[in-house]
Peer 1: 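A single structure is presented below for examination.
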Amino acid sequence: MNEVEIKDNSFLRQFETKIDGHLAKIEYSSQERKVFLTKLVVPEEITKEGFKEDFIKSVLHHIQGQNQRVVPTSPQIAGFLRKNRQYKEMLPVGIRI
């Protein structure tokens with residue numbers, strides 16, 4: 001995995017990173033130790049292979065470091081979690097994807 005440097009912009013409620021001057025972001029909301037990942041936005045100009053997966057992994061590692069659970073409401077992020085079962089323990093009890 002290529003670690004992506006992320007910034008938690010809590011004012012706009014999004015995790016973000018800049019690549020070649022373009023802003024990629026994952027929008028979120030949080031509630032009771034859970035982070036709801038609602039939308040993944042990666043500009044078309046960011047064509048680096050594997051970037052989306054590395055970005056999602058970096059955000060998940062950040063959330064894990066905060067000792068919080070994750071609820072993926074974005075179809076792209078839910079699909080990533082379905083393929084990468086090692087993050088399954090980050091889901092709250094009763095949430096299945």
Peer 1: Judged by atom type as modelled, is there a donor-acceptor pair below 3.5 Å linking the side chain of R33 to the main-chain atoms of N67?
Peer 2: yes
Peer 1: Would a hydrophobic clustering, with Ile, Leu, Val, Met, Phe, Trp and Tyr connected at side-chain separations under 4.5 Å, put I63 with I97?
Peer 2: yes
Peer 1: Is atom CD of Q86 surrounded by more than 12 heavy atoms (other residues, nucleotides or ligands) closer than 6.0 Å?
Peer 2: yes
Peer 1: Inspect the surroundings of CD in E45 and state if more than 12 heavy atoms from other residues, nucleotides or ligands are less than 6.0 Å away.
Peer 2: yes
Peer 1: Would you say E32 has more than 12 foreign heavy atoms packed within less than 6.0 Å of its CD?
Peer 2: no
Peer 1: side-chain contact (heavy atoms from CB on, under 4.5 Å) between I6 and H62: does it pass, once the steps are laid out?
Peer 2: CA-CA 9 Å; I6 60 167; H62 174 79; 3.6 Å; yes
Peer 1: Over all heavy atoms of both residues, which pair between L91 and P72 is shortest? Give the atoms and the distance, please.
Peer 2: CD2-CD, 3.7 Å
Peer 1: Same cluster or not: I95 versus M90, using hydrophobic residues (I, L, V, M, F, W, Y) connected whenever any side-chain heavy atoms lie under 4.5 Å apart?
Peer 2: yes
Peer 1: Run L60 and L37 through side-chain contact (heavy atoms from CB on, under 4.5 Å) and show every step you take.
Peer 2: CA-CA 10 Å; L60 290 174; L37 301 178; 4.2 Å; yes
Peer 1: Show, in sequence, the C-alpha distance, side-chain angles and deciding distance for D8 and Y28, and conclude whether the side-chain contact (heavy atoms from CB on, under 4.5 Å) test is met.
Peer 2: CA-CA 10 Å; D8 181 358; Y28 71 86; 2.6 Å; yes
Peer 1: Does S74 use its side chain to pair, donor to acceptor, with the backbone of K39 at less than 3.5 Å?
Peer 2: no
Peer 1: Does a side-chain heavy-atom distance below 4.5 Å link L40 with K52?
Peer 2: yes
Peer 1: Within the 3.5 Å criterion, strictly below it, is a donor on Q14 or E16 matched to an acceptor on the partner's side chain?
Peer 2: yes
Peer 1: Are I26 and V71 linked, directly or through intermediate hydrophobic residues, by side-chain heavy-atom contacts shorter than 4.5 Å (ILVMFWY only)?
Peer 2: no
Peer 1: Decide yes or no on side-chain contact (heavy atoms from CB on, under 4.5 Å) for F15 and K25, but give the supporting numbers first.
Peer 2: CA-CA 5 Å; F15 296 104; K25 61 187 179 181; over 6 Å; no
Peer 1: Shared ILVMFWY cluster between I56 and F36, side chains joined below 4.5 angstrom?
Peer 2: no
Peer 1: Tell me whether T38 contacts the main-chain N or O of E27 through its side chain, where contact means a donor paired with an acceptor under 3.5 Å.
Peer 2: yes
Peer 1: I'd like to check E53 versus N84 (side-chain heavy atoms, cut-off strictly below 4.5 Å). Are they in contact?
Peer 2: no
